[in-house]
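Both backbone and side-chain heavy atoms feed into the values below; hydrogens, waters and symmetry mates do not. In listed order, ligands and their atoms are each counted from 1.
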Amino acid sequence: MNDFSISIPASSANLGPGFDSLGLALNLYLTLHVTAADKWDIEHKSPLLPAKTPCEDHFIYQIAKQTAERHHKQLPPCKVVVTTDIPLARGLGSSASAVIAGIELANQVCGLSLSQEEKIQYGTDIEGHPDNIAAALLGGVVITALTADNQINWIHLDDLNVDVIVYIPDFELKTEQAREVLPENLSREQSTAASAISNLVVAALLSGDYKLAGKMMEKDLFHEPYRAELIPGYHDIKLEAKNNGAYGTVISGAGPTMISFAPKGEGSGIANHMQRILTDYQVSALTIDQEGSQVRQVHIK
Ligand code: HSE
């Protein structure tokens, strides 16, 4: 086996009302360097990652093992060095990127020849929703639907003509906790209005009407009204970003990070302004990753 690396982008899910359906990939990356070895070893080389975890308890290893077992294979021992610039439990898809890492690791070392459909299916079986998984795998922007028969259909777009700004607070919020505050049911009136808003976001994004997209992104009824209270400064960040030219600002995934779309060329200026005000947040102008998960052979000289 030749040494190889796998890199997987961060992702932002929902984009407001596209709850569990819309996702986009961002240019922060989880990277694995994989080498054949006598026994399994996973090393962390990033300040964002916890101290070393025993291999059998490591999330990426467990996903890889589970993926291999689905195909009646055993993982050959490897040394894996993990680096990342995706902050954990912040709503930037760190767990989806780790799931894709595990699936791709098994795919490579066991020669599974998995299709993109299989990877999205396996990842969604683990995460429960395809939004981050599809974005992390495919890059760009994805519109997904997981239907009652457990099928996943999607449309993939390479890019949007917008700048992206993220506001990353200095605390974690687990997705399970952010899902617990959501109501079990919505009335017919609520769900009709919520899906109409979502329809319009997608139509506006596809037709390049980003002003309308941003306006409707901020009108979500599926999750934002319930999660807002988990994010200090939620309303102020939205207002300040809008006053400074952003199209719209929403919770990234389950939060606590928030994300704005802004006119192309204005992202850095808005990010600089917002950083001066939001001293407790890391504010960054990011771009939409268009490549998704990548496997590269490492050539040793
Ligand atoms: N769509 C998911 C949610 C993304 O909002 O809960 C986070 O996993």
Practice problem: Flag the pair Gln190 / Leu221 as yes when at least one side-chain heavy-atom distance between them is below 4.5 Å, and no otherwise. | Solution: no

Quiz item: Regarding Thr124 and Glu127, is there a side-chain donor-to-acceptor distance under 3.5 Å anywhere?
Solution: no

Quiz prompt | No-hydrogen, no-angle side-chain donor-acceptor test under 3.5 Å, Asn27 and Thr287 | solution = yes

Exercise. Write down the atom of Pro9, the atom of Ile86, and the distance for their closest heavy-atom approach.
Key: C-CD1, 4.0 Å

Quiz item: If you draw the axis of the six-membered ring of Phe4, does the NZ or CZ of Arg296 fall within 45° of it and under 6.0 Å from the ring centre?
Solution: no

Quiz item: Applying side-chain hydrogen bond (donor to acceptor under 3.5 Å, both in side chains), which residue pairs with at least one partner in residues 252-271 are found, sequence neighbours left out?
Solution: Ser12-Ser252, Tyr167-Ser260, Thr249-Ser260

What short N/O contacts, under 3.5 Å, does ligand 1 make with the protein, listed by atom pair and distance?
residue: ligand 1; atom: 1 (N); partner: Asn14; partner atom: OD1; Å: 3.0
residue: ligand 1; atom: 1 (N); partner: Asp20; partner atom: OD1; Å: 2.5
residue: ligand 1; atom: 1 (N); partner: Asp131; partner atom: OD2; Å: 2.6
residue: ligand 1; atom: 5 (O); partner: Asn14; partner atom: ND2; Å: 2.8
residue: ligand 1; atom: 5 (O); partner: Arg227; partner atom: NH1; Å: 2.8
residue: ligand 1; atom: 6 (O); partner: Arg179; partner atom: NH1; Å: 2.6
residue: ligand 1; atom: 6 (O); partner: Arg227; partner atom: NH2; Å: 2.9

